[in-house]
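Residue numbers start from 1 in every chain, and the chains themselves are labelled A, B, ... in the order their sequence lines are given, proteins ahead of strands.
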Amino acid sequence: MSLTRRFMLRTAGAALGGALAFASPAAFAQGAGTIKVGILHSLSGTMAISETTLKDVMLMLIEEQNKKGGLLGKKLEPVVVDPASNWPLFAEKARELISKDKVSATFGCWTSVSRKSVLPVFEELNSILFYPVQYEGEESSKNIFYTGAAPNQQAIPAVDYLMENEKVQRWVLAGTDYVYPRTTNKILEAYLKSKGVKPEDIMINYTPFGHSDWQTIVADIKKFGSAGKKTAVVSTINGDANVPFYKELGNAGVKATDIPVVAFSVGEEELAGIDTKPLIGHLAAWNYFQSVDNADNKAFIAKWRAFTKNDKRVTNDPMEAHVIGFNMWVKAVEKAGTTDTDAVLDAMIGVAVPNLTGGYSTMMPNHHITKPVLIGEVQGDGQFNTVWQTSGLVVGDEWSDYLEGSKDLISDWRKPLSCGNFNVKTGKCGGATK
Amino acid sequence: METRKPLLLSLIDTRGGIFLGLVAAATILVPVLALMVPANSAFALPPYLVALFGKYVCYALLAIALDLVWGYCGILSLGHGAFFALGGYAMGMYLMRQIGSRGVYANPELPDFMVFLNMKELPVTWWGFQSFPYAMLMVLLIPGLLAFVFGFLAFRSRVTGVYLSIITQAMTYALLLAFFRNDMGFGGNNGLTDFKDILGFNVQAKETRVALFMASTIALGAGYLIARAVTQSKFGKVVIAIRDAESRTRFLGYRVETYKLSVFVLSAMMAGVAGALYVPQVGIINPGEFAPANSIEAVIWVAVGGRGTLVGAALGAIIVNWGKTFFTGALPEYWLFALGALFVIVTLFLPKGVIGALDQFKARRQAAKQSGAAATAAE
Amino acid sequence: MTFISRPARARAIPLTGPAAKSLIETLSFAAAALFLVMLALFAAPQARAQGDSSVIVGLSSDKFPDTERALNELPASGLATAPDIVEALAANRLYFNGPARKLYFADEAGKMFDAATGEPSDVMASALKKVRINNAVRRSLDAARGALTLMSPDPAKRKAAADSVFKSRDATALPLLDAALAKETLASTRKVLEEARAAIVAGDSGANEVQRLEAIDILKSRGDQDAVSVLTTIASWSEGRVKAAAESASSVIQAKLALWRNVQNVWYGLSLGSVLLLAAIGLAITFGVMGIINMAHGEMVMLGAYTTFAVQEWARTSHPGLLNYSLFIAIPLAFLVTAAVGILIERVVIRFLYGRPLETLLATFGISLILQQAVRTIFGANNREVSAPSFMAGSFDFGSLQIGYGRMWIIVFAIAVFFALQFVLRATSFGLRMRAVTQNRRMASSMGIDTNRIDALAFGLGSGIAGMAGVALSQIDNVSPNLGQSYIIDSFMVVVFGGVGNLWGTLLGALTLGVANKFLEPIAGAVLGKILLLVFIILFIQKRPRGLFALKGRAVEA
């Protein structure tokens, strides 16, 4: 019963999205002044390494939109602040952007904790946040649009691929000890067990942030992998720790043909810091690769390189998520004819814009978007070679079907339901009551 | 502390008077401007500033606590952030328990993160935190206890100087790593967030924010008075003697360890209170607060304001943090240059901090006036 | 393809079966396929290419299963260019034009050839698509090429080939293995070849029991993780004596490996310790000897790493021949660059702060923020790529312990830096003056020592050593503006634990903490292990308030 209902809601959403995908933009409303757009990415501290790029992408998109004549006849004005990888500062800066600078929408955050930190602020002050990074799910806020991947748009297809194409039977789930790897691994563990993998064929390992000495763990992986069954590593290791991890894999001679490592947090930006020749064939699952071969993507890469004045700059998945999010927001504002939060929130659902992998991504009623899932193998030049791709688009599933507490929950922000955690069993909004 | 009037008055010198006056003015003016002045008036104080000022006030209290041990007792603690964070966690745990079944999983007993970590029941460490008095007791007790155990060991073995500083850093670093562990049951990296109520009032309501701000300023004033009372007492004189010549004080027959330990524990408790007031105002507590860099920054506030002056410490905390707020918005890509330069310039040119510089300036003007007076008299 | 010396006899293998696609079969198909290509080449050189369209179509369809199938069909097609196609595919130099159904390969110089005819072609690679390979195709290629290089004149290649046969356990390689064994003279290579043969025979249910048991014995004597892997696989499906033998052999090896794991922990610990030593040793001068709480120490390490990056970038663009030796340029250069920065900092800031150690903490913390942001502004916030020179790649076996050259050279480097520093401090006049100044500034000054100059040089020395450490750390860690931050706390712990002002203490402290960490990690996990170590340091300082090696004398109280 519950499944059907859930399915129906989703189907309805998808149909709505499809119908609106080619709707013509609303007429431009004329007006003076500017529309402010907040950019809330760390430019210093530990996360600057990943987030600075996203700030630049946003500046480029805004500049481009202004060249096209702005939005509703007004110019867009970026407001950049630096939350400095400091989580309480994220909340403070979000408040400042909304209350003081009166931004119409904010694009920002990378880590889950930064999003958790600003979430109450966006809900309290009723403003809009676009969050561009793959995350653990288990959340759906009225004021946040999640343009990165949910676990079902990244982790589960990757495991499926390894099971089917590489015949993997033994799994190492290695991650940094924080909520994204914990949740993803929990989902994967449940999923693998449902596929008949025995508990002794799953090894779970957590390491602290910025872990830099991987000798012991790589040796353990090698040992675990020598039990006579094909073994793979599913890595949810976070940014900074990846470089020493991969360097150690290379040093220890762990080849992709023996023990492939599939990563969910390693993209072109991360690989730009490593000599990838020893890593050829290791995998990553994303919704976008720079190497995706189509005209939109090529044009985007060219624009990005011109904007950064660096013909070697790489692009990556969260950048694409911002491109999609920004275009969706522009379209929704045009549709609503105003930047008023409530009107835009309503207009956003069902908006569809081209993504850079050659399809259309649609904003679903659960504030997650549809995406293709791509599996790529690392090449010697730091790029990924797509070896597998979902045939269609996958809808982001905010409440995992494989977790006890959340499998009965759905999110649908359309009226009259307007609920982020509707329990289909009890028929009540407000979570899973026992 | 007894509050006989003469004693209280004797604690307040001119500087302290100005400081307390300002704190009192803020306690009264902020509510008036935030709640009573219409929102479209030029004098209206937007709610985000209330939260921001509240944060500064909490930092100021932390700075006073640190100044008490560093400025008066010579213990350079690079781990005071740990006491601040522990106080914050105690408050955070109370706030988490207040969410009740309003969490996304609607579990009446367990906070959301425990539900998805598959915890079946509330860990022992969380028992009792649904009660506000218990939580407040813990805000004082946990930092105090840690400071007691740590200080007891360290001071008894006469660990001093840089060694002490480095092991306080090791302490906060170890706690940082421990709280990052999800298995600890304190929410791991995400920490505790998305609070709803405090004592039945909505945390996000304007009125609650103002009340929290007032609580913080009152705590700051009280903290200042306590610190002042300690440093002005006979006990305080011994503490200062320890700072200036530890061995000599010991040879005079004072139990140096007991003095140091008492001041350290008191200071840790004050830091804990600051942390507890900080959490509901910023809306999140996570292990990042244990980061050694945070504790070092707190030391820098004290140095910027003027070590050993209490008022200076509070002033330094507010100046540096206001600068941070301003520059992260105004010069997002260059603010670290400004902040770094500020630290270098203060140590080079204002060795006694802002307060010290003001004193010097005043002294010079007075000297100039006197010599000027002398000159006119000579004419 | 020059390494086949004579055609060997092959078993007839049906090559037409399109279905059956288990992994092993895929491997054997590919190996046999290549083998037959060779046969075709040498036995029938007159057979000319007809450009079998099904192969070309398969390879130009851009689907991995088609690529694999086409690979299998390649020998039967009689294409003269088949070996070139295989080599080009492995090297990612095979191109196709989908609509025109044309296949091209490039040689190492990038010159294009039509794959159907072998004629040079003037088509541009940019106008074509590459034939892509995935792990499955790569594995088949590896196995096949491994089997074929068994006869290579280069012993290293033969050994690598034997290793890859050992891993693929491809039964079709058996005749080749036998042929190679018959010719092999080098004992070490012979051993690997025999082990590869044993791996195949032991797992061959068709072979007789005696042979299989013998093979298991050989595997047992190999005694490493790979052997365990083969043996457990065999034990999982065999029966009777073979199963028992495989099980007992694998448990014997595992017991031995468990002992070796302790050796491994010591080695890993030494390796981690050497990294800690490198990170801390510069601090032992600036903090330990000079008394400056140098929070910018980590940034000096970072500057050294960025110098390495800059040198490599320079080598890559203008002197590619030097790239492999760029570290030798980077080490002295990093020393000079960071020493210069250090001297500048000392002259501009620190010299006003002597005698006020706690204020040096504040100033250097500010400097560290400035340096971090400066690097971020100049080089960007992203990681930078520093490649490993060839002599640091790879590993060798010491008993059952795999020792990576990279780690080994870092240990050697750390020890070398340590002794060089000891030499400078103990045996040069600069070292003498420096010790004099730090022990008693005023007396040294009255003896005619220019204390200002010595201070600046000493701080420069400490910073320069940190820069050299950065060169080594760039090999194992991120080269990012945050690099220094991750080492600063550990460095202080090492120096304090070892005893401020004593270099031997720093050495012993670093190695002790490294080894202790590696023994704790398997028991308690990485995080808890580190917490335990920190608690240990805190308690240790209670017991010995001045570290492992305490300085004695009057200077201590100051």
I need the minimum non-hydrogen distance between [X] and [Y], along with the two atoms involved.
| X | Y | result |
| --- | --- | --- |
| C/Gln402 | A/Ala252 | OE1-O, 3.6 Å |
| C/Asn135 | A/Thr257 | O-CG2, 4.0 Å |
| C/Ala381 | A/Thr52 | CB-OG1, 3.5 Å |
| C/Asn482 | A/Thr46 | ND2-CA, 3.3 Å |
| A/Asp275 | C/Ser387 | OD2-CB, 3.9 Å |
| C/Val527 | A/Thr207 | CG2-C, 4.3 Å |

Among [options], which residue forms the greatest number of heavy-atom pairs with chain A at distances under 4.5 Å?
| options | result |
| --- | --- |
| C/Gln264, C/Lys518, C/Arg407, C/Lys63 | C/Arg407 |
| C/Asn478, C/Asn134, C/Asn383 | C/Asn478 |
| C/Gln485, C/Met392, C/Gln475, C/Lys130 | C/Gln475 |

Is it the backbone or the side chain of [X] that comes under 4.5 Å from a heavy atom of chain A, or both, or neither?
| X | answer |
| --- | --- |
| C/Gln225 | both |
| C/Ile133 | backbone |
| C/Asn382 | both |
| C/Ser474 | backbone |
| C/Asn517 | neither |
| C/Arg384 | backbone |
| C/Gln372 | neither |
| C/Val479 | neither |
| C/Phe64 | side chain |
| C/Lys129 | side chain |

Under-4.0 Å salt bridge between A/Asp213 and C/Lys530: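 Looking at C/Lys530 together with A/Asp213, the answer is no, because their closest N to O distance does not fall below 4.0 Å.
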Out of [options], which one racks up the most heavy-atom pairs below 4.5 Å with chain C?
| options | value |
| --- | --- |
| A/Ile280, A/Thr276, A/Thr53 | A/Ile280 |
| A/Gly253, A/Ser50, A/Gly45 | A/Gly45 |
| A/Pro278, A/Gly210, A/Ala272 | A/Ala272 |

C/Val228 and A/Lys223: CA distance, side-chain angles, deciding distance, side chain to side chain contact (heavy atoms under 4.5 Å, CB included) verdict: CA-CA 9 Å; C/Val228 174; A/Lys223 184 170 160 245; over 6 Å; no
Drop me the distance from [X]'s [atom1] to [Y]'s [atom2], to the nearest 0.5 angstrom.
| X | Y | atom1 | atom2 | result |
| --- | --- | --- | --- | --- |
| A/Leu43 | C/Arg376 | CG | CZ | 9.0 Å |
| A/Thr216 | C/Phe519 | OG1 | CZ | 10.0 Å |
| A/Ser212 | C/Leu483 | OG | CG | 9.5 Å |
| A/Ser226 | C/Leu231 | OG | CG | 10.5 Å |
| C/Asn92 | A/Asn385 | CG | CG | 7.5 Å |
| C/Ile476 | A/Asn251 | CD1 | CG | 9.0 Å |

More than 12 heavy atoms of other groups within 6.0 Å of A/Trp304 CH2: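 Enclosed.
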Donor-acceptor pair between C/Ser271 and A/Gln215 side chains, under 3.5 angstrom: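 Their side chains do contain a donor-acceptor pair, which is all the 3.5 Å distance test asks for.
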[X] portion near chain C, given a 4.5 angstrom heavy-atom threshold:
| X | answer |
| --- | --- |
| A/Lys229 | neither |
| A/Asn205 | neither |
| A/Pro260 | side chain |
| A/Glu51 | neither |

Side chain to side chain contact (heavy atoms under 4.5 Å, CB included) between C/Arg132 and A/Thr386, intermediate numbers included: CA-CA 9 Å; C/Arg132 300 174 310 152; A/Thr386 311; 4.0 Å; yes
Set of side chain to side chain contact (heavy atoms under 4.5 Å, CB included) partners for C/Leu532, sequence neighbours left out: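 Counting only residues at least two positions away or on another chain, C/Leu532 forms a side chain to side chain contact (heavy atoms under 4.5 Å, CB included) with C/Leu520, C/Ala524.
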4.5 Å side-chain heavy-atom contact, C/Glu521 and A/Ile217: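 C/Glu521 reaches A/Ile217 side chain to side chain.
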Residues of residues 374-381 of chain A with any heavy atom under 4.5 Å of a heavy atom in chain C: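 Near chain C, by residue number: A/Glu377, A/Gln379.
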